[in-house]
2 protein chains.
Amino acid sequence: MSARPTLIHVAELAGVSLASASRALNGMVASPETVAKVRAAALSLGYIPDATARSLKLGHSLQLAFAVDDVGNPVYVEMMRAIETVVRGSGYRLQVSSTGTDPAETVDLVRSLARGYADGLVISPLRVTDELIVELKRAAVPVVVVGTLPDTVQLDTVQTDSARGVGLAVAHLVESGRRRIGFLNGPLDTTPGMSRRRGFVEAYAAHQLAPAAGSVQEVAADFTVAAGRRAALDLLSRHRDARGALALDALVAANDLLAVGAIHAALELGLQVPEDLAVVGMDDTELAGFFNPGLTSVSLGSAERGRHAAELLLARLSDPARPTRRIVVQPTLVVRASTQTDPTPEGTVR
Amino acid sequence: MSARPTLIHVAELAGVSLASASRALNGMVASPETVAKVRAAALSLGYIPDATARSLKLGHSLQLAFAVDDVGNPVYVEMMRAIETVVRGSGYRLQVSSTGTDPAETVDLVRSLARGYADGLVISPLRVTDELIVELKRAAVPVVVVGTLPDTVQLDTVQTDSARGVGLAVAHLVESGRRRIGFLNGPLDTTPGMSRRRGFVEAYAAHQLAPAAGSVQEVAADFTVAAGRRAALDLLSRHRDARGALALDALVAANDLLAVGAIHAALELGLQVPEDLAVVGMDDTELAGFFNPGLTSVSLGSAERGRHAAELLLARLSDPARPTRRIVVQPTLVVRASTQTDPTPEGTVR
DNA sequence: CGAGCGAGTGGAAACGTTTCCAGTGGCGAG
DNA sequence: CTCGCCACTGGAAACGTTTCCACTCGCTCG
């Protein structure tokens, strides 16, 4: 029932000074007898050092933070696992914060780092506002951003070329004989949304596809299955020809969740995947592998990005003066059942 | 590049004492002029109070922790969302820790609560060892357990009757005309694994099913899709009759991830779901809703359990002396396509 | 008109550590 | 024998807060 034992109690019981007790427990210079006495006292009292007091004195907390908009997205789970693996090896603890979609909340979180509860931050923001960039640069502790920032910003960054990723998806579909390719994007006020749109428009032009790229794009309300389903229903019903037949034969989705939503929409409309409609996702999350049908997906190397980000953060912590680095992880295509069928002859209308 | 401003700097700039500055910022008694001066000084310096020092002085951190074995399991994501919603409203921050499957790590985590980095803990352990129970009871801060503990343990608890949940699943399958029902369980050294097995054996007996319940059970290495697939392949191939036809017509899985793995296995073996094999999952995660085919699943009310757990924790924090409570959330069955031979829209039963 | 009160203030202690600094004693070298 | 070095120790300061306490001052009330 007594209060939690402090180092003072340990020192008293061991019959040594507070200073010696601290030294003994922390492996600083101390005689073997002192160490033994203090260890015994600590053990018998069940002493556990107070992290708060320690942090205050030492000026750091041995905690790192990982902030994402939506923990529900499996891509972040993968990233988190990778980060945790790296971080744990260095004696840090990882704390995960879900910021929600409100940019103001994200800014708040970054600002609150100055409160000292974490020694560093890995953040993967969907929406990068000017205000957020300002806060990230003046943050009280080192920050590594997973995602794309304007070139001028001097910050450690791990990014991927998701525009090129969309290009891979489109190329794969074209090679598979698809020509009427639609694009299911996430919100355009997000960084991934913007770059993926660019990637789609470029790929569309490069392959000289018709009709105009603009008419085959649809924007979902957010990067979720439900939003993907709704947006895909819109897109697909907009592209029926005069006889009601589908005028699209493939869909690229800006992430796996949207892709899953799209497949749902297709099935609801009585379409077969991949026969009537091929679908490509993006992120290559676990979900893509075990969805039915298996989802062809563009891997953006989430685990790899997480690992890089964590390593960058640790490096910056040990040397605050080192030049900032920008690591780019290249996308790769993982082909699964959702796009694999015998190539349809060009121009065939279904 | 001056150091981070402290309250001392603010007080100096405002021309008041440290004590007054603190009071002014915290809304304690202070003259309007003092408040104005201090506020202005704090603003112009960009002062942000140090959470560590504050915690040390105040004796609490305004952080709560949520510990789970595997953040990759969507059931925990749902729980976490619910918990966060509740605690955020009370001014606490939520910190998520993934302990991994090693019970020793979980024990370590609970023990480390005494370090003062969190004021309370919600924990949902898969494996409940005696050692863990001891640590939970003597934990330095209030703990709420999501899961089942021995009746004698005095701790705030939110549990569900998952044995009864398995019963619902079996009953539903029997009503749908299935008689040869297999059970795909998770590891038997976990609490859910044990109680779900009990539920299955009881239900099996109640419905007078044959053959012996033991022969139709299979245990997966863990609660993941991959392990589910492997175990289901074993189980299904073991139950071919002499002519190679399948001797099972339904499978109950101990969670949704295992169920998804089982469906995979079935498809690989050329079986149709639900025609050849009906599959029921458990947890009714988001995944169940958007999987293809839609997965019939026993909802164990994850969000509800999370909410209850958070509320229990807050209540305990505000009144440490209150008697412990044990809340039980009842399972319900959500029927989807994976058990319905004639496609009907999804709906909730019971 | 004096006592008493309440609002407001500043000094200083405290939270539990780590670490600087000044000692103490023992012991080998000169 | 004495000096200096070394290993070890304890006192005390410090980290940045909050809050207790004592104090002043202007008012009101009896």
Side-chain angles (χ1 to χ4, degrees), chain A residues 2-39 41-42 45-63 91 112-119 140-141, chain B residues 2-39 41-42 45-63 91 112-119 140-141:
Chain A
S2 62
R4 213 159 69 73
T6 75
L7 192 53
I8 300 185
H9 304 129
V10 175
E12 275 172 8
L13 181 59
V16 300
S17 77
L18 180 57
S20 295
S22 172
R23 278 187 297 249
L25 289 180
N26 291 323
M28 321 277 296
V29 50
S31 75
E33 310 95 84
T34 305
V35 173
K37 277 189 298 183
V38 173
R39 284 240 180 93
L45 288 177
Y47 167 72
I48 295 184
D50 182 302
T52 310
R54 193 164 212 274
S55 293
L56 176 60
K57 183 64 191 167
L58 260 35
H60 56 61
S61 62
L62 288 184
Q63 288 218 346
S112 75
L113 287 174
R115 307 181 74 101
Y117 75 92
D119 299 339
V141 298
Chain B
S2 62
R4 214 158 70 72
T6 76
L7 193 53
I8 301 186
H9 304 128
V10 174
E12 275 172 8
L13 181 59
V16 300
S17 76
L18 180 57
S20 295
S22 173
R23 279 188 295 249
L25 289 180
N26 291 322
M28 321 277 296
V29 50
S31 73
E33 312 95 83
T34 304
V35 172
K37 278 189 297 182
V38 173
R39 285 238 179 94
L45 288 177
Y47 168 72
I48 296 185
D50 182 302
T52 310
R54 193 164 211 273
S55 293
L56 175 60
K57 182 64 191 169
L58 258 37
H60 55 53
S61 62
L62 289 183
Q63 289 215 346
S112 76
L113 287 174
R115 307 180 73 99
Y117 76 93
D119 299 340
V141 299

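Naming: A, B, ... by sequence-line order, numbering from 1 per chain.
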Practice task
Return the nearest nucleotide to the side chain of B:Lys57; candidates are C:dG10, D:dG11, D:dG16.
Solution key: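 Given the options C:dG10, D:dG11, D:dG16, the side chain of B:Lys57 is closest to D:dG16.
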Problem - Which nucleotide in C:dT18, C:dG16, D:dT18 has an atom nearest any side-chain atom of A:Thr6 - result: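 Nearest nucleotide to the side chain: C:dG16.
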Practice task
Flag the pair B:Asp50 / B:Thr6 as yes when at least one side-chain heavy-atom distance between them is below 4.5 Å, and no otherwise.
Solution key: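 They are not in contact (no side-chain heavy atoms under 4.5 Å apart), so the answer is no.
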Practice task
Taking the side chain as every heavy atom from C-beta outward, state whether A:Leu62 and A:His60 have any atom pair closer than 4.5 Å.
Solution key: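 Yes - at least one pair of side-chain heavy atoms lies under 4.5 Å apart.
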Could you pull out the closest heavy-atom pair between [X] and [Y], with the gap in Å?
X: B:Gln63; Y: A:Tyr117; value: NE2-CD1, 3.9 Å
X: A:Leu113; Y: A:Val141; value: CD1-CG2, 3.8 Å
X: A:Ala118; Y: A:Ser61; value: CA-OG, 3.5 Å

Quick one: is [X] getting a side-chain N or O under 4.0 Å of the [N] phosphate, OP1 or OP2?
X: A:Ser22; N: C:dT19; answer: no
X: A:Ser31; N: D:dT9; answer: yes
X: A:Arg54; N: C:dT18; answer: yes
X: A:Ser17; N: D:dG10; answer: yes

Handout entry: Stepwise side-chain contact (heavy atoms from CB on, under 4.5 Å) check, B:Arg23 with B:Thr34
Key = CA-CA 9 Å; B:Arg23 279 188 295 249; B:Thr34 304; over 6 Å; no
Exercise for the section: Report the residue (A:Thr34 or B:Ser20) whose heavy-atom-nearest nucleotide on DNA chain D is the more 5′ of the two. Expected result: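 Here A:Thr34 is the residue nearer the 5' end.
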Please give, in whole Å, the distance from [N] [atom2] to [X] [atom1]?
X: B:Leu7; N: C:dG11; atom1: CG; atom2: P; answer: 14 Å
X: B:Leu58; N: D:dC20; atom1: CG; atom2: P; answer: 11 Å
X: A:Met28; N: C:dT17; atom1: CE; atom2: P; answer: 16 Å
X: A:Leu18; N: D:dT9; atom1: CG; atom2: C1'; answer: 13 Å

Handout entry: Residue whose nearest DNA chain C nucleotide is more 5′ - B:Pro32 or A:Ile48
Key =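 In this pair, the answer is B:Pro32.
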Handout entry: Donor-acceptor pair, side chain of A:Arg4 and main chain of A:Ile48, under 3.5 angstrom
Key =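 Yes, A:Arg4 side chain to A:Ile48 backbone: donor-acceptor pair under 3.5 Å.
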Exercise for the section: Confirm from the modelled atom types if B:Arg115 and C:dG16 form a donor-acceptor pair under 3.5 Å, side chain to base only. Expected result: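 A donor-acceptor contact between them is absent.
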Handout entry: Relative orientation of the end axes in the helix from C:dC1-D:dG30 to C:dG30-D:dC1, expressed as an angle to the nearest 10° (five pairs per end)
Key =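 That helix has its two terminal axes inclined by roughly 50°.
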